[in-house]
Amino acid sequence: MARDPRYDILFEPIKIGPVTAKNRFFQVPHCTGMGHAMPRALAAMRGVKAEGGWGVVCSEYCSIHPSSDDGTPSTSLWDESDVRDQAIMVEAVHAHGALAGCELWYGGLKTGNPITRDIPLGPVSRPVIPPDPVQTRAMDKADIAAFRGWHLAAVERALQAGYDLVYVYAGHGYLPMQFLSRRFNDRSDEYGGSLENRARLLRELIEDTREAVDGKAGVVVRLAVEELEGESGLTADGEGRALVEMLAELPDLWDVNISTFDNDARTSRFVKEAAQEPYVSFVKQVTTKPVVGVGRFTSPDTMVSQIKRGILDMIGAARPSIADPFLPKKIEEGRPDDIRECIGCNICVINHALSSPIRCTQNPTMGEEWRKGWHPEVIAPKANDDPVLIVGAGPAGLECARALGRRGCEVHLAESTTELGGRVSRETKLPSLAEWVRVRDYRVNQILPMPEVNVYRDSHLGAAEVLEFGFPRVVLATGATWRRDGVGRANRFPVLDPALAQVFTPDDVMAGAEVPGPVLVFDDDHYYMGAVVAEKLRDDGLDVTLVTPAGVVSAWTGFSLEQHLIQTQVLEKGVEVVTGHSLSAYDGTTAELACVFTGKTIERSYGAVVTVTGRHPNDALYHLLADDPAALQDAGIKSVTRIGDCNAPGVIAAAVYAGHRYARELDAPEDAPLRRFERAAV
Ligand code: ADP
Ligand code: SF4
């Protein structure tokens, strides 16, 4: 299909200093959890982005020197071996006509240097921001000179690796920003005091970099123009603006955003598309240089509007490029409805914090491009004509059907209810989760026009029906059900009588059960569900207490950068929060809470308990079938496989991945290597 002319502006080339980007799609730097540990996997992933049409593809943050090490496998340019690793990535990006950008990084107060054990350096001597028991050394003149030398050496290595764009990175609260900020810079020398003084280091870095690139690469300055810290930080109408005015024509491109990372990469629970516009819209008014910014852009109309209204020149994207590496191509080919839109869940961010390879809820191939040879848009045609029956149309079943359909397999997808989507359809009716419905909508929109995929709603299947159909391949994607007995991490034995009318689960709440108040929500799951259920019940007007054995609400969401926002929201809604306690008993009126440290108990009266601890896989159908191989053989069924929550309850990303994996591996030869690993060779 031809491109809609409305979107032509997105495909206009743009000069960035001495180099030219072929279009306006700019994959801004983003972490991958692969970094220096998995250079081949990283290169393949970035190469797929370039293949998908991004005009610029950047690295993740790239440490310039061993004295900036945050303990994660990010990239680095410390020596020649790093140059070789990075060159593979640059080559993969260049192979598809995109520019490669390198984000040179120095953490300062934000790194404890657990791997290298170098003393961290900062504008001042303070405890580092991660809770490592170490302080920075305040940089003296010799340290500043050394730092500039390291930065310069890294610029030269970036050029050696073939990069077209080199970043001076004063964003996300890292060292150059620490110098800019009154909060972290109380120096009395020429690097402290007035804004001009605090900006001295940044100006020097830009000038050094410009001299070193010597017209061979563009110089990008990434600046957080707003910190959401009021007057103690940079503000878009105060020092953030003054800084851009002061340095306006020095870079070849301004990459502007808000700081810190948790503000920049907010989840869809808290912000929508283009949320940074109010903060960055001034930038183009004070510089003639091109400007890139982010806003979890997935709508081509919003992108066009950003450019036409003079907000941005280039559409920056990290998460939308992860969820759909082929987003630009899909717009270019006139099929924007095929875009797999990011849902803003930040599962992709979690893996950086966990030092494990990136994954994505929407894009199951993310991070698997080299390891499993998976491509987001290409999948091998079927190897045989065996039809596949999939039972259950949640994220696992839907993705399995979609991917099998793309392979040309005959698929029969049976769903008990009238609505497709499983847990996604149910959960997205809870407060703030609405955007996650894209997991369902993308797949349903893809499947419905496929002649290979037959969808049956209102079709609850038992073992007899499955055997009667006799489709050779059976996939059970029947999901999971929240437990009623309070068993989870803190309680290893039941503490609730599931028969009590006053005991509820998230499934009951999502099904619209009338929950009497006051209600105790016991969250031993630690992801989003406990807090979301508490919010919903509070919105319904009930008095709600959220009890968790953890030290904070939704503890695991610290990794997705939203824990503090969730806890603030819960408290602001008037939910009472009790941390460090487990629910140890409830008789329908009185709940006993036990301190997880001392075991000391307290008693409180509640009209109901909602228990959010763990889930039972809905695997009864699987066992009925798998435990009767003779019946399967008689029916001509070659395999019965459970996937997703029915196999092991987990996050939505895991269910999507399981569905995709089944489709990929269905007819792989027994001895086919299904994955490979990068290991340091001796
Ligand atoms: P997952 O996250 O693994 O995809 P979900 O719980 O989201 O699991 O989805 C499971 C889906 O399977 C639900 O929509 C449910 O209605 C459906 N389902 C469960 N058991 C059956 C069955 N026996 N026949 C048909 N559909 C079923
Ligand atoms: Fe978007 Fe979630 Fe995928 Fe990250 S993991 S890119 S936030 S859908």
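Read the numbers this way: they start at 1 and go in the same order the structure lists the ligands and their atoms. For clarity, every value in this text was computed on a predicted model and none was experimentally measured.
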Using a strict cut-off of less than 4.0 Å between a Lys/Arg side-chain nitrogen and an Asp/Glu carboxylate oxygen, indicate whether [X] and [Y] qualify as a salt bridge.
{"X": "R296", "Y": "E435", "result": "yes"}
{"X": "E103", "Y": "R222", "result": "yes"}
{"X": "R484", "Y": "D508", "result": "yes"}
{"X": "R402", "Y": "E399", "result": "yes"}
{"X": "K638", "Y": "D386", "result": "yes"}
{"X": "K330", "Y": "D324", "result": "yes"}
{"X": "R423", "Y": "E427", "result": "yes"}
{"X": "K429", "Y": "E419", "result": "yes"}
{"X": "R46", "Y": "E60", "result": "yes"}

Among all the protein's non-hydrogen atoms, which is closest to [atom], and how far away is it?
{"atom": "atom 20 (N) of ligand 1", "value": "T478 CG2, 3.3 Å"}
{"atom": "atom 10 (C) of ligand 1", "value": "A477 O, 3.2 Å"}
{"atom": "atom 9 (O) of ligand 1", "value": "G394 CA, 3.4 Å"}
{"atom": "atom 14 (O) of ligand 1", "value": "E415 OE1, 2.7 Å"}

Please state which option from S459, G462, S425, S416 has its nearest heavy atom closest to atom 21 (C) of ligand 1.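 Closest candidate by heavy-atom distance is S416.
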To which of D507, D645, L461 does the heavy atom nearest atom 24 (N) of ligand 1 belong?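 Looking at heavy atoms only, L461 sits closest to atom 24 (N) of ligand 1.
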If you look only at distance, which donor and acceptor atoms sit under 3.5 Å apart when one is on a side chain in residues 464-477 and the other is two or more places apart or in another chain?
from: E465; atom 1: OE1; to: G462; atom 2: N; distance (Å): 2.6
from: R473; atom 1: NH1; to: S639; atom 2: OG; distance (Å): 3.1

Looking at E273 and G295, would you say the former's side chain and the latter's main chain have a donor-acceptor pair under 3.5 Å?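 Here the side-chain-to-backbone pair does not exist.
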Short list, please: which atoms of ligand 1 are under 4.0 Å from a heavy atom of [X]?
{"X": "G644", "answer": "3 (O)"}
{"X": "R423", "answer": "2 (O), 5 (P), 7 (O)"}
{"X": "A393", "answer": "11 (C), 12 (O)"}
{"X": "G392", "answer": "11 (C), 12 (O), 17 (C), 26 (N)"}
{"X": "A414", "answer": "25 (C), 26 (N)"}
{"X": "G422", "answer": "7 (O), 9 (O), 13 (C), 14 (O)"}
{"X": "G479", "answer": "5 (P), 6 (O), 8 (O), 10 (C)"}

Output, by chain and residue number, all protein N/O/S atoms separated from atom 1 (Fe) of ligand 2 by less than 2.8 Å.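 Only C342 SG fall inside 2.8 Å of atom 1 (Fe) of ligand 2.
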Is the W374 ring parallel, tilted or perpendicular to the Y657 ring (thresholds 30°, 60°)?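 Rings of W374 and Y657: tilted, 30 to 60°.
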What class does the angle between the rings of Y61 and Y174 fall in, given that below 30° is parallel, 30 to 60° is tilted and above 60° is perpendicular?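 The rings of Y61 and Y174 stand perpendicular, inter-plane angle above 60°.
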Closer than 4.0 angstrom: is that true for some heavy atom of N618 and an atom of ligand 1?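 No; N618 lies far enough from ligand 1 that no heavy-atom distance drops under 4.0 Å.
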Record the part of P395 in heavy-atom contact with ligand 1 below 4.0 Å; permitted values are side chain, backbone, both and neither.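 For P395, backbone and side-chain atoms both sit under 4.0 Å from ligand 1.
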Residue among N346, T557, T267 satisfying side-chain hydrogen bond (donor to acceptor under 3.5 Å, both in side chains) with E562: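 One option only clears the test, and that one is T267.
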Report yes if some N/O of A396 lies less than 3.5 Å from some N/O of ligand 1; otherwise report no.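 Yes, A396 has an N/O under 3.5 Å of an N/O on ligand 1.
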